[in-house]
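From a predicted model like this one, the values you see are computed outputs, not experimental measurements. Because only heavy atoms are used, hydrogens play no part in the values below, and waters and symmetry mates are left out as well, while side chains stay in. Numbering of ligands and ligand atoms starts at 1, following listing order.
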Amino acid sequence: MKVAVVGATGMVGEVMLKVLEERNFPITELLLVASERSVGKKLTYKNNEYTVIGLADAVAAKPQIAIFSAGGDTSVEWAPKFAEAGTTVVDNSSAWRMDPTKKLVVPEINANTLTKEDKIIANPNCSTIQMVMALAPLHKKYKMKRVIVSTYQSVSGTGVKAVKQLENEIAGIDGEMAYPYPIGRNALPHCDVFLENGYTKEEMKLAREPQKIFNDKTFSVTATAVRIPTAGGHSESVNVEFESDFDLADVRKMLHETSGVVVQDNTDTNTYPMPIYAHDKDEVFVGRIRRDETQPNTLNMWIVADNLRKGAATNTIQIAEYLVENNLV
Ligand SMILES: NC(=O)c1ccc[n+]([C@@H]2O[C@H](COP(=O)([O-])OP(=O)(O)OC[C@H]3O[C@@H](n4cnc5c(N)ncnc54)[C@H](OP(=O)(O)O)[C@@H]3O)[C@@H](O)[C@H]2O)c1
């Protein structure tokens, strides 16, 4: 496969290269792409040095697959140009996620909807991916009615500038700010921009994307997204009301048997998911599984994943793998 990685110099891009290498993705030619600022820069993949190129050169090279993580504006402008040249784009930005003509894919859940005609495929938001991974088997059996999620999101979810802000604050350096307030020793109930309805864009992604991924509008999701001073890994407190009652042991068993999900749940040994353990792992970790005692058919869970891995790079590359394995590119 001739593969282009667009946004190769960014936080997600760096993890993309690592994951492509780890999974030995079948690459015959690799194009590393970034903004004009980075053209000519050298990056390494599998011990070989590559020179970063610009978007126009990458389109002209007609790769079979282009993996995008270069922000929404770049995707809106360039993904259609790649698609026109015959390239299949898997995009990490929010640009195409809710476009009714584009698929929003978590491979374990709905990769089977992909066809050769899908030339721009959207990767869901990082917080959505880890939540739906745990909800999918439970929704299938017990049917969700309503989900209430509160997130505890790391600064790496914002990109390089935010990680630098936290590092600067810890080192006592007065530097550039990615957030309107200090993030160290703080919690900002503010991920992405505020919308007219009082929610943030991140909160509305959590509300809308699961319905599209499950192709089901019979349940609803309400969210509060909070940025906390962890370097990497997003955590979520998730409360789910089901239509039918469940058996807790069965819930644990189903999650345990779900590919890509790991149950870490033993209060006797203080075993529960934490971002430091999820770091650099591809799985979604679920713990604190317990019945909500205030109303029937309702479950509480704590879900953690590495936002740069399953929340971004790993999910994207799993989509690309599915396309290759099923001759869809
Ligand atoms: N961080 C996460 O957890 C996460 C999770 C899921 C999805 N995403 C999405 O992935 C994308 C990248 O996020 P990130 O955290 O990696 O950001 P980042 O660290 O700021 O990196 C941005 C990347 O995009 C490139 N870029 C920016 N403007 C460009 C342009 N006009 N043309 C070509 N390339 C351009 C940058 O190239 P230069 O180095 O040349 O500027 C860099 O490679 C965003 O759309 C984000 O929403 C992020």
N or O contact, Asn307 vs ligand 1, cut-off under 3.5 Å: yes
Which protein non-hydrogen atom lies closest to [atom], naming both residue and atom, and how far is it?
{"atom": "atom 24 (O) of ligand 1", "result": "Ala70 CA, 3.2 Å"}
{"atom": "atom 4 (C) of ligand 1", "result": "Val12 CG2, 3.7 Å"}
{"atom": "atom 9 (C) of ligand 1", "result": "Asn92 O, 3.7 Å"}

Given [options], which has its nearest heavy atom closest to [atom]?
{"atom": "atom 23 (C) of ligand 1", "options": "Gly232, Gly157, Ser69", "answer": "Ser69"}
{"atom": "atom 17 (O) of ligand 1", "options": "Ser93, Gly159, Ala34, Ala58", "answer": "Gly159"}
{"atom": "atom 28 (N) of ligand 1", "options": "Lys310, Arg37, Glu36", "answer": "Arg37"}
{"atom": "atom 45 (O) of ligand 1", "options": "Ala178, Gly71, Cys126, Gly311", "answer": "Gly71"}
{"atom": "atom 35 (C) of ligand 1", "options": "Gly10, Gly7, Ser75, Ser35", "answer": "Ser35"}

Under 4.0 Å to a heavy atom of [X] - the qualifying atoms of ligand 1, by number:
{"X": "Leu55", "value": "32 (N), 33 (C)"}
{"X": "Ser38", "value": "38 (P), 39 (O), 40 (O)"}
{"X": "Ala312", "value": "5 (C), 6 (C)"}
{"X": "Thr74", "value": "28 (N), 29 (C), 30 (C), 31 (N), 32 (N), 33 (C)"}
{"X": "Val160", "value": "19 (O)"}
{"X": "Thr9", "value": "36 (C), 37 (O), 38 (P), 39 (O), 40 (O), 42 (C), 43 (O)"}
{"X": "Ser156", "value": "1 (N), 2 (C), 3 (O)"}
{"X": "Leu308", "value": "1 (N), 2 (C), 3 (O)"}

Can you see which heavy atom on [X] is nearest to which on [Y], and at what distance?
{"X": "Met131", "Y": "Pro210", "answer": "CE-CG, 3.8 Å"}
{"X": "Phe242", "Y": "His139", "answer": "CE2-N, 4.4 Å"}
{"X": "Val33", "Y": "Val52", "answer": "C-CG1, 4.1 Å"}
{"X": "Lys81", "Y": "Val59", "answer": "O-CG1, 3.8 Å"}

Does the separation of the ring centres of Trp302 and Tyr152 fall below 6.0 angstrom? yes
State whether the side chain of Gln130 and the backbone N or O of Asn307 hold a donor-acceptor pair below 3.5 Å, judged by distance alone.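 The answer is no, because no donor-acceptor pair under 3.5 Å joins these two groups.
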Are the side chain of Arg291 and the backbone N or O of Phe246 linked by a donor-acceptor pair below 3.5 Å? yes
Heavy atoms, side chains only, cut-off 4.5 Å: are Met144 and Phe214 in contact? yes
Is there side-chain contact between Phe285 and Tyr272, with heavy atoms separated by less than 4.5 Å?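 Not touching, per the 4.5 Å side-chain cut-off.
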Given Lys205, which partner from the list Glu202, Glu203, Glu209 fulfils the salt bridge (Lys or Arg N to Asp or Glu O under 4.0 Å) test?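 Checked Glu202, Glu203, Glu209 against Lys205; only one passes salt bridge (Lys or Arg N to Asp or Glu O under 4.0 Å): Glu202.
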